[in-house]
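Remarks on the structure that follows.
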Amino acid sequence: VYVQTAVIKMYSELGLVDEARQVFDKMTERDLVAWNSMVVGYASNGHMGAAIELFSSMPVKDVLSYNIILSGFADGKRIESARRVFDEMPDRDVISWNSMILACTNAGDMAGACELFEKAPERNIITWNTMITGYVQNELYAEAINLFDRMKTENVEADYLTVTASLSACAHLRSLETGTQIDEYARNRGLLSKPHVVTALIDMYAKCGGIKNSLEVFYKFRHKDIFCWNAIVSGLALHGHGDSALKLFDEMQENCLKPD
RNA sequence: GUUCUAGUCU
């Protein structure tokens, strides 16, 4: 059963939902994990109709089963459907709250997200990150920074995604000062080993008029991937250094061995 | 063995 469940997961991750279903149908014993995995297969590939159908026929459901469906609706920006699941589920954990918040931010409803955030009985780093990235995605950059500041006053440790989103907000605001502070914050926590953070830093400095800092961050970083390269190339182009940008672009072709 | 946030440019 463990092996078959792992195979269902593998097929699902490759988008091979029908293959996954064949394995599921052939199982002689299906426990809750197997059912949940198959629902994930449908939900994470956007097949919410099939996901709901299978979900409805489950002999037993747990919080995960509901969370999977909720998350599927959140990804599909179906806020009304998500809300219905959220309201009807017998128990909610922090993941349920996070998914419901995500459903709001994905649908552009930051007011709704904010209300849930305040009401949540428990928050983890993902709750905070979902809100901050939600603000950034909805172009409410100052709100994103405010929430990052609030994390600090509430002594919640930011992680690399918090910093990434906050730097992106600074880049959009052209706020070099705040961006530099976040740079320092990230350095102190060793977050500059993360390509996400490095990319966001390069981009922030480039957009805030500190292309030299961008280059410094870029050259010091050992594990450059395609995103870092793109950030530095477009940063240089933005500053009218089309020549250097093109030079680096050529270098990129030679050095980029492990794209994502 | 199963569920939540994911960086650049577009």
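The side-chain contact (heavy atoms from CB on, under 4.5 Å) test with A:Val40 singles out one residue from A:Asn45, A:Ile68, A:Ile69, and that residue is A:Ile68. Evaluated for a side-chain contact (heavy atoms from CB on, under 4.5 Å) with A:Ser168, the options A:Val136, A:Asp203, A:Thr133, A:Leu173 yield exactly one hit, A:Val136.
One interatomic measurement links the two molecules: OH of A:Tyr205 to C1' of B:U8, which rounds to 17 Å at whole-angstrom precision. As rounded to whole Å, 20 Å separates atom P of B:U2 from atom CZ of A:Arg21. Across the protein-nucleic acid pair, A:Leu167 atom CG and B:G7 atom C1' stand 10 Å apart, rounded to whole Å. Per the geometry, CE belonging to A:Met131 stands 15 Å off P belonging to B:U5, to the nearest Å. Put simply, CG on A:Asp93 is 16 Å from P on B:U2, counting in whole angstrom units. The distance from atom CG of A:Leu102 to atom P of B:C4 is 10 Å, rounded to the nearest whole Å. Note: CG (A:Asn98) to P (B:A6) measures 11 Å, nearest angstrom. Rounded to an integer number of Å, the gap from OH of A:Tyr2 to P of B:G1 is 8 Å.
Among the heavy atoms of the strands lying under 4.0 Å from A:Ser37 are primed sugar atoms or P, OP1, OP2 only; no base atom is included. Base engagement by A:Thr199 is indicated by at least one non-hydrogen atom pair under 4.0 Å involving a base atom. Within 4.0 Å (heavy atoms only), A:Leu161 reaches at least one base atom of the nucleic acid.
Side-chain proximity of A:Ala200 to B:U8, B:G7, B:U2: nearest is B:G7. For A:Ile95, the side-chain atoms get nearest to B:U3 when compared with the rest of B:G7, B:U3, B:U5. Among the nucleotides B:U3, B:U8, B:C4, the one closest to the side chain of A:Asn124 is B:C4. Closest contact between the side chain of A:Val1 and the listed nucleotides B:U2, B:G1, B:G7 involves B:G1. When each of B:U8, B:U5, B:C4 is scored by its nearest atom to the side-chain atoms of A:Asn129, the top-ranked nucleotide is B:U5.
Scanning atom types as modelled, one donor and one acceptor separated by under 3.5 angstrom connect the side chain of A:Asp31 and the base of B:G1. On a pure distance criterion of 3.5 Å, a polar donor-acceptor pair joins the side chain of A:Thr5 and the base of B:G1.
A heavy-atom distance below 4.0 Å to RNA chain B is reached by these residues of residues 52-74 of chain A, ordered by number: A:Leu64, A:Asn67, A:Ile68, A:Ser71. For the segment residues 148-160 of chain A, residues with any heavy atom less than 4.0 angstrom from an atom of RNA chain B are, sorted by number, A:Tyr160. Within residues 139-146 of chain A, no residue is approached by RNA chain B to less than 4.0 Å at the level of any non-hydrogen atom.
Judged by the 6.0 Å distance and 45° axis criteria, A:Lys61 is positioned over the aromatic ring of A:Phe55. A cation-pi arrangement, defined by a distance under 6.0 Å to the six-membered ring centre and an angle within 45 degrees of its axis, is present between A:Arg189 and A:Tyr185.
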**OP:** Under the side-chain contact (heavy atoms from CB on, under 4.5 Å) rule, what do A:Thr130 and A:Phe117 come out as? Steps first, then yes or no, please.
**Re:** CA-CA 10 Å; A:Thr130 302; A:Phe117 179 82; over 6 Å; no
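The closest donor-acceptor contact from the side chain of A:Arg174 to the backbone of A:Ala171 lies under 3.5 Å. A donor-acceptor pair under 3.5 Å is formed between the side chain of A:Asn188 and the backbone N or O of A:Glu184.
Residue A:Lys9 has a polar side-chain atom (N or O) positioned under 4.0 Å from OP1 or OP2 of B:U2.
Cluster partners of A:Ile95, by chain and number: A:Val94. The rule joins Ile, Leu, Val, Met, Phe, Trp and Tyr whenever side-chain heavy atoms lie under 4.5 Å apart.
Note on residues 2-25 of chain A: pairs passing ring-ring contact (aromatic ring centres under 6.0 Å, His included), not counting sequence neighbours, are A:Phe24-A:Trp35.
If you check the side chains of A:Asn138 and A:Asp109, you find no donor sitting under 3.5 Å from an acceptor.
Taking the six-membered ring where the residue is Trp, A:His239 and A:His241 present parallel rings, their angle staying beneath 30° rather than reaching 60°.
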For residues 71-79 of chain A, dump all side-chain donor-acceptor pairs below 3.5 Å to protein atoms at least two apart in sequence or in another chain.
none

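Considering all non-hydrogen atoms of both residues, A:Thr105 and A:Ala113 come closest at CG2-CB, 3.7 Å.
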